[in-house]
Amino acid sequence: MPPFSAFFDFVAHHHHHHDDQSSVMDSSSSHSTFSVEGALPSCKRPLSPKPTESRKVSFFGSVRVQLIAGLDEFTEEEKAAAWYNRQDFDEIKRDRRATVKTMEQVNPRVDDAQQCYRGLEFKTRQGSKLKQWNVMESAMVVFDEQIQQMAAGRNDPEALSKAYHAATADSALAAAERGMNDQRVALETPVAVPVCEDVTARAPRRLSCRAA
């Protein structure tokens, strides 16, 4: 679209040319006109948007809530049962050692009501050695790439990243497979959902807002 000045120049030139000819033409003759309607952009105001529908908020007639007690509402027995203590940690270590022993001597993928191998794959002798080897191998690959770059007088972080990802590709794949297996087991395991209380069936209770 040409600039506005071009239209104005054309209109001014047209009227100037018309004035020159009007001296030799009869004054009763009709004057020619030039319309620029449609040439200039429209300045009409945009239409106002349609009014939106009014929004409503409604509440369900039967309200059920799950009350959570604050720390100051716990008894000492409840606190002891809710948090791990030294005795609990010692028991966890004993169970872990027993499970690792079973994995090494009986079944490396033991998974029953008493023992489960998941999360302990690298606690066995073979698993620990494999983990150490993977760490050393990936470190040596990165070190070799750094030495080559120093010898060539260059700095290429992207090449270091590619070398590291190539060295750890097998470990990443194995970790993804373990994660998918854990997800499958978690989805198959039923989870007990607490039953919500009917707030109208009991007396009001003060809830603590202090952090536990």
Side-chain angles (χ1 to χ4, degrees), residues 60 62-146 158 160-212:
F60 194 69
S62 177
V63 179
R64 303 177 68 87
V65 297
Q66 178 67 36
L67 299 178
I68 305 298
L71 180 61
D72 58 344
E73 296 176 303
F74 279 80
T75 64
E76 294 300 326
E77 293 77 11
E78 290 174 336
K79 292 179 181 179
W83 299 93
Y84 287 117
N85 53 32
R86 176 53 57 185
Q87 182 180 357
D88 294 328
F89 284 120
D90 293 340
E91 185 177 355
I92 291 174
K93 290 180 180 179
R94 287 194 300 268
D95 293 342
R96 185 182 65 183
R97 286 195 294 266
T99 303
V100 170
K101 185 176 181 180
T102 302
M103 293 170 62
E104 291 180 337
Q105 299 179 0
V106 182
N107 181 10
R109 298 177 69 86
V110 59
D111 189 2
D112 53 33
Q114 300 297 327
Q115 296 177 329
C116 180
Y117 76 95
R118 289 194 300 276
L120 300 176
E121 295 88 347
F122 296 107
K123 295 299 182 180
T124 62
R125 293 184 179 90
Q126 182 179 1
S128 178
K129 291 180 179 179
L130 178 61
K131 183 177 181 179
Q132 292 179 0
W133 169 258
N134 291 336
V135 172
M136 292 182 60
E137 182 183 23
S138 59
M140 292 303 299
V141 169
V142 173
F143 292 154
D144 289 343
E145 177 64 26
Q146 288 178 329
E158 189 66 25
L160 290 173
S161 177
K162 291 181 179 179
Y164 178 77
H165 280 81
T168 58
D170 293 340
S171 298
L173 179 60
E177 291 177 351
R178 290 194 300 270
M180 293 297 294
N181 182 55
D182 291 345
Q183 181 186 29
R184 177 185 59 80
V185 174
L187 294 176
E188 294 175 354
T189 304
V191 179
V193 179
V195 179
C196 296
E197 295 187 59
D198 190 342
V199 71
T200 61
R202 57 173 296 165
R205 180 181 180 185
R206 179 181 60 84
L207 298 180
S208 174
C209 295
R210 288 184 290 180

Answer yes or no: does atom [atom1] of [X] have more than 12 heavy-atom neighbours from other residues, nucleotides or ligands under 6.0 Å?
X      : atom1 : result
Phe122 : CZ    : yes
Lys79  : NZ    : yes
Asp111 : CG    : yes
Gln114 : CD    : no

Side-chain donor-acceptor pair under 3.5 Å between Asn181 and Arg184, yes or no?
yes
Checking the side chain of [X] only, and the main-chain atoms of [Y] only, is there a donor and an acceptor separated by less than 3.5 Å?
X      : Y      : value
Ser128 : Arg125 : no
Gln132 : Lys129 : no
Glu73  : Gly70  : yes
Gln146 : Asp144 : no
Thr124 : Leu120 : no
Asn134 : Leu130 : yes

How far apart are the closest heavy atoms of Ala69 and Phe74, and which atoms are they?
O-CE1, 3.7 Å
Evaluate the criterion side chain to side chain contact (heavy atoms under 4.5 Å, CB included) for residue pair Thr102 and Tyr117; output intermediate values, then yes/no.
CA-CA 9 Å; Thr102 302; Tyr117 76 95; over 6 Å; no
